[in-house]
Amino acid sequence: MKFSKPDTVFSRFRHHLWTALGAIGLTLIFFLVLPLMQTITQPRDMEVELQSVDGVVEPPPPPPPEPEQEKKQEEEPPPPELSEEAPPLDLSQLELALNPGFSEGWMGGDFAVQLNTVVSKNHDLNSVFSMADLDQKPRVIYQPGPTFTKQVRRKAPGTVYIIFVVDQRGRVINPAVQKSTDPVFTKPALAAVKQWKFEPGKRNGKAVRFRMRVPITFPKG
Amino acid sequence: MSNLFQQTVEIWLSGGWAMVALTINALILFGLGVHIHLKLNEKGFLFVPEKTWRRWISHPEERTGPIGKLLDFVTGGESLKQTSTCFESLRSTEIVPFERDLRVMKICVSSAPLLGLLGTVTGMLATFGALASGSGGDKTMGMIADGISEALITTETGLIIALPGLFFQYQLTRGHERYKAFLSHLETVCTQIQYRKQQTKQAA
């Protein structure tokens, strides 16, 4: 004795069809949740675009020039450790080092000090270096965007090019507007840049002052 | 919408082999869920009020639908023992398949996060493999990013499948319990009526 409902072929097919459709539909819905979740959790696009940077390294102020006689008095060659510690030459230094007019021998004792002196003598404070001259490129630590006033919103989009110096502690000094599509943007852009903080770029293992040129874009809306 | 589908496919592909297993698991899980849901609906016990089917026991000509067929089967017995045998047979054909399907569904729900975890492990292995073999360039970073993405996406997918699956399974288990309760109640009522009939016969 068994209770069973007489299932027709059609009703069985319909049941299987609904089961398959339901399974595929539900699976698809839950897989569609994945990109939706990622869209929801995605952070808002930053309103400030930081583009590639042309850097300027301000070399440290020149040490007082050493008297010529002192150099001549140094007769002993340096120990090999010292020459190993000497920083690698870049092209400009190499040019100077090969110039016979500056020192007696380019493997001379206080080689690095002499070079620094020479470099400092021949380059003023505003000497322009490419970013490649920095051993370690600067990194942004804190970069708030500019505040949008009603006036700014009305005039957007626009771009302000700002030049500023970053000191050894990573603070922005003397920001100045180089170019602006509209004078309205200059004030908020300058205010924002003043708050920026950097991990300063390094040259020969030391934090140096460098100059940056940054375009700040005010997007529309 | 097509963008959403494209993103889904990209995510699916970034999940690696664990994603295929998770999809199969989800299909079985939801397929079984829909199957049980349809079967429970076919029983029709929720749509016939108690008053009606109580009346149908003494009026066989009025019986219709699945509950009517069920009553035809269980009221065929002449004695209490026969009625009891009918209900026992009914349970084996009606309840057991549901229990089996629900058990498989439960396994699927439990295995979804585990499959996600498996994807996490393979993703992390891929990451460490990239770290060990790479030289630190962009290619290595890409491989590491792929591994981490695989690791996290599969875990997320496993949980996204398991959570609704768990609620779905709970809902179906509840429906199944109600059906079981209905059958027990029906058995009690049928047995009482049978007993009363017998008492009347004996008295006569």
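Predicted model only: the values in this text are computed from it and were never measured. Quick note on labels: first sequence line is chain A, next is B, and so on, each numbered from 1.
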Part of A/Leu28 within contact of chain B (heavy atom distance under 4.5 Å): side chain

Greatest number of heavy atom pairs closer than 4.5 Å to chain B - which of A/Thr27, A/Leu21, A/Val33: A/Thr27

Neighbour count >12 (heavy atoms, 6.0 Å) for atom CD, A/Gln151: no

Residues in residues 18-25 of chain B near chain A [non-hydrogen atoms, under 4.5 Å]: B/Met19, B/Thr23

Nearest-0.5 Å distance that lies between atom OG1 in B/Thr157 and atom CZ in A/Phe31: 5.5 Å

Intermediate values then yes/no, side chain to side chain contact (heavy atoms under 4.5 Å, CB included), B/Thr8 and A/Leu34: CA-CA 7 Å; B/Thr8 311; A/Leu34 287 172; 5.8 Å; no

For chain A, which residues of residues 105-115 of chain B have heavy atoms nearer than 4.5 angstrom: none

Value rounded to 0.5 Å, distance of CG in B/Leu4 from CG in A/Leu36: 5.0 Å

Interatomic spacing from CD1 in A/Ile29 to CD1 in B/Ile160 - rounded to 0.5 Å: 13.0 Å

Contact origin within B/Ile11 toward chain A - heavy atom pairs under 4.5 Å: side chain

B/His176 atom NE2, neighbour heavy-atom count above 12 within 6.0 Å: yes

Approximate separation, where rounding is to 0.5 Å, of B/Ile161 CD1 and A/Leu26 CG: 11.0 Å

No-hydrogen, no-angle side-chain donor-acceptor test under 3.5 Å, A/His15 and B/His35: yes

More than 12 heavy atoms of other groups within 6.0 Å of B/Phe47 CZ: yes

Non-hydrogen atoms of B/Leu38 and A/Trp18 that approach each other most closely: CD1-CB, 3.6 Å

